[in-house]
Number of protein chains: 10
Amino acid sequence: MLFHVRMDVNIPSALPEAEAAAIKAREKAYSQELQSSGQWRHLWRIAGQYSNISIFDTASIDELHTLLSTLPLFPYMKIEVMPLCRHPSSIRSNDL
Amino acid sequence: MLFHVRMDVNIPSALPEAEAAAIKAREKAYSQELQSSGQWRHLWRIAGQYSNISIFDTASIDELHTLLSTLPLFPYMKIEVMPLCRHPSSIRSNDL
Amino acid sequence: MLFHVRMDVNIPSALPEAEAAAIKAREKAYSQELQSSGQWRHLWRIAGQYSNISIFDTASIDELHTLLSTLPLFPYMKIEVMPLCRHPSSIRSNDL
Amino acid sequence: MLFHVRMDVNIPSALPEAEAAAIKAREKAYSQELQSSGQWRHLWRIAGQYSNISIFDTASIDELHTLLSTLPLFPYMKIEVMPLCRHPSSIRSNDL
Amino acid sequence: MLFHVRMDVNIPSALPEAEAAAIKAREKAYSQELQSSGQWRHLWRIAGQYSNISIFDTASIDELHTLLSTLPLFPYMKIEVMPLCRHPSSIRSNDL
Amino acid sequence: MLFHVRMDVNIPSALPEAEAAAIKAREKAYSQELQSSGQWRHLWRIAGQYSNISIFDTASIDELHTLLSTLPLFPYMKIEVMPLCRHPSSIRSNDL
Amino acid sequence: MLFHVRMDVNIPSALPEAEAAAIKAREKAYSQELQSSGQWRHLWRIAGQYSNISIFDTASIDELHTLLSTLPLFPYMKIEVMPLCRHPSSIRSNDL
Amino acid sequence: MLFHVRMDVNIPSALPEAEAAAIKAREKAYSQELQSSGQWRHLWRIAGQYSNISIFDTASIDELHTLLSTLPLFPYMKIEVMPLCRHPSSIRSNDL
Amino acid sequence: MLFHVRMDVNIPSALPEAEAAAIKAREKAYSQELQSSGQWRHLWRIAGQYSNISIFDTASIDELHTLLSTLPLFPYMKIEVMPLCRHPSSIRSNDL
Amino acid sequence: MLFHVRMDVNIPSALPEAEAAAIKAREKAYSQELQSSGQWRHLWRIAGQYSNISIFDTASIDELHTLLSTLPLFPYMKIEVMPLCRHPSSIRSNDL
């Protein structure tokens, strides 16, 4: 099942730079792992913002929440989830 | 270049049903043509709403606007466009 | 899987009263059928409003959208969907 | 009487981790006590957010406020309350 | 129990004037009946608007909803309800 | 003249607890004094929130502002004022 | 006492032009009468909009509401009222 | 030319009280100077808020911005500007 | 002086097509006249919307309002105006 | 291609003044370099605000994002991007 997810990152300036860098490195590694597994199907940057638009593909809502809430940047993000379904005019076999 | 587009359809109840059906049929045909050409890359329905989330891939903003403003449902839609760019953590070669 | 759904009904005053009554009767019958099947798990009225809060339990997002978009009142409702998951502090075995 | 309650948790990063953990543990214990007593009827996590949707069942508004304002996380939550009543189409005997 | 209710009236211009006048007359009579019974405890006009702020005192949420949804102007009003409870600093014995 | 006032309290966590307690005690004493004088006519807690709905009765706007801006909690509150007037359907002689 | 009033005019296109013109003429005459009496102290157009910003000076809120609700354009306006009081830094003797 | 300006003051609690008092004193002196020169034509307090509504009269937008951005409280204010013009129904010769 | 203007066009579907076409033709001719005179300095379409972003250059706010309110599409547009001034980092001699 | 960009600057008061001054100096130098290259086509200050309206002209969305995200003030700004295209009524050859 597909979920449209928007993440807005807001790292507090009080967080030491080295710690922030470590968190971002772990975030990148984990996000690439989830992309490889097919659970994080698309990942785009919104131009001009420290935000992304993502498409997740998980077997359940619980699986989606587990993935999102274990992201290293989770405590510093505002996340909005919208469930998607197949569009009757779509011709792509895998957009469902 | 990729653009994130959200379309909310609102057909006025005063529009005769046959006319509405004809417009929707033309919309479907045209959207499938644009999907085939690769310009309308993704098309999903938002669950519970007469709305879609789409990803367009066009060579310019003018090309995007021409496509959107010639959609048969254009006069009955609220459209919001957000420019996307490659995310530094993305591993998909074609998500750019 | 559980989905939190809010529906706000807005029947245009131009709709003939008999037709509106027929639609509402079909809506009621269909909603009770879905409650019996277990797919429409909870249904409450918001005090003072022609709106409801509902909890749906479906096997997929597509199933949810099919149910919602075939409601007789669908053309006259604003619908918002929020995916729910199990809360780690919940003690109810069936709240998942 | 039933109340629809949404709670959004926002623990300030300045709060020492041990103190935060202690508050969360007390919150969990207290919430489970209220679930056992039947006053906190449902508790769900909103996917992707540190937020919950709850249904409370109390004999009065004052009882509801007392429960909410004594939650250990109360100082760190934004809470919105919506009074619910029986829906005329509901077939569940206990959804009132 | 006390409920804070805001009502914004919006009568469509298509409604014949005589019909509108009849509805308003029934609304006035019914509102005064509810004030006499003590269920509609306060009723104020918001300056410059066709809106009111009201305090209702009912034994249950269902009773409140029954009163509001049977107001003759109900189909033409946007209504918002907020449950109130006793303030710990209040000195008025009947403000609960 | 009557004014509808909503106050949302937000005490910064950096404020020492003893100081906060002293401010709240002064606030309570002052609010009760204003209730006794008849200037602060009603005071209710909004369920689930550190907020109140109040009705003030003052001879002028300047008197209202003087009362509000000298509240001990004034620096920590968001305040919204709405002027009220007599409703033509009101039957309470003192709701003006 | 001074009140800051914003009026946004929205005349429905279904209103016959002659009727609209007559209403506007009566509005203009009445507004000038209120300006002459000193009750409508200032009247400015917001650039680019069919809206105005006004300052009213009335002895009571009831007087203000009577003036506003008898404006010929009242049924076609959205009105927002904000009570003003003397600013401690003001040097104008009549800005109170 | 006239500009409608709303200023909402928000002094951070971390600012030492003596420094805040000095800034406010300079603000008052400067605002009175601008009132004397005729550039700051009106200044009112919004009841219940640390905010004001002002009317500025400057020869250009650049002059307006220079005045506003050199206010001692400028770093602590949210400012909104709306250009005003003469209202066709105004009878005051100097409201332009 | 420069003003940033956003116009959102919304032509009611009840307007006969020929009349709408005539209004649009007059709008185009008038807008090009104002562009030639230098008063309408820039005019861009917002991608995907029947809206534009414009920069006007007029000697006064009254001149701006006269231009905007005499646009043939004025009754069908929502217009928002923001006064602009020279940016201290700008290197363009005519961006003022 | 043209992009409409709004930037709202919000430098935290905790940032040492010398550091803030250095960042602003680098921002100014970099913005002037981008203006000289033609990529930052227009730059205006919004009157009364620490905000600007800009028009960027870049060959791609990725180029735009690279420019914006390397601005020295980027961590302290809220940025909104809107893609623009040629308006059919525009007579300026370079407004595309």
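In what follows, every chain begins at residue 1, and chains take the letters A, B, ... in the order their sequences are listed. If you're wondering where the values come from, they're calculated on a predicted model, not measured in any experiment. Atom set for the values below is all heavy atoms of this structure, side chains included, hydrogens, waters and symmetry mates excluded.
Contacts with chain I (heavy atom to heavy atom, under 4.5 Å) involve these residues of residues 74-83 of chain H, listed by number: Val81(H), Pro83(H).
Taken to the nearest 0.5 Å, the CZ atom of Arg86(I) stands 12.5 Å off from the NE2 atom of His65(H).
Of the two parts of Leu64(H), neither the backbone nor the side chain holds a non-hydrogen atom closer than 4.5 Å to a non-hydrogen atom of chain I.
One side chain, Trp40(H) or Ser54(H), offers a donor N or O that lies under 3.5 Å from an acceptor on the other.
Judged as a side chain to side chain donor-acceptor pair (under 3.5 Å), and not counting sequence neighbours, Ser36(I) has no contacts. His87(I) meets the side-chain contact (heavy atoms from CB on, under 4.5 Å) test with Ser89(I), Ser90(I), Leu43(J), Arg45(J), Asn52(J); sequence neighbours excluded.
Residues Glu27(H) and Tyr30(H) are not in side-chain contact: their nearest non-hydrogen atoms beyond the backbone lie 4.5 Å or more apart.
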List, one per line, each side-chain donor-acceptor pair under 3.5 Å for residues 3-25 of chain H, sequence neighbours excluded.
from	atom 1	to	atom 2	distance (Å)
His4(H)	NE2	His4(G)	NE2	2.8
Arg6(H)	NE	Asp8(H)	OD1	3.3
Arg6(H)	NE	Asp8(H)	OD2	3.2
Arg6(H)	NH2	Asp8(H)	OD1	3.1
Arg6(H)	NH2	Gln49(H)	OE1	3.0
Asp8(H)	OD1	Ser51(H)	OG	2.5

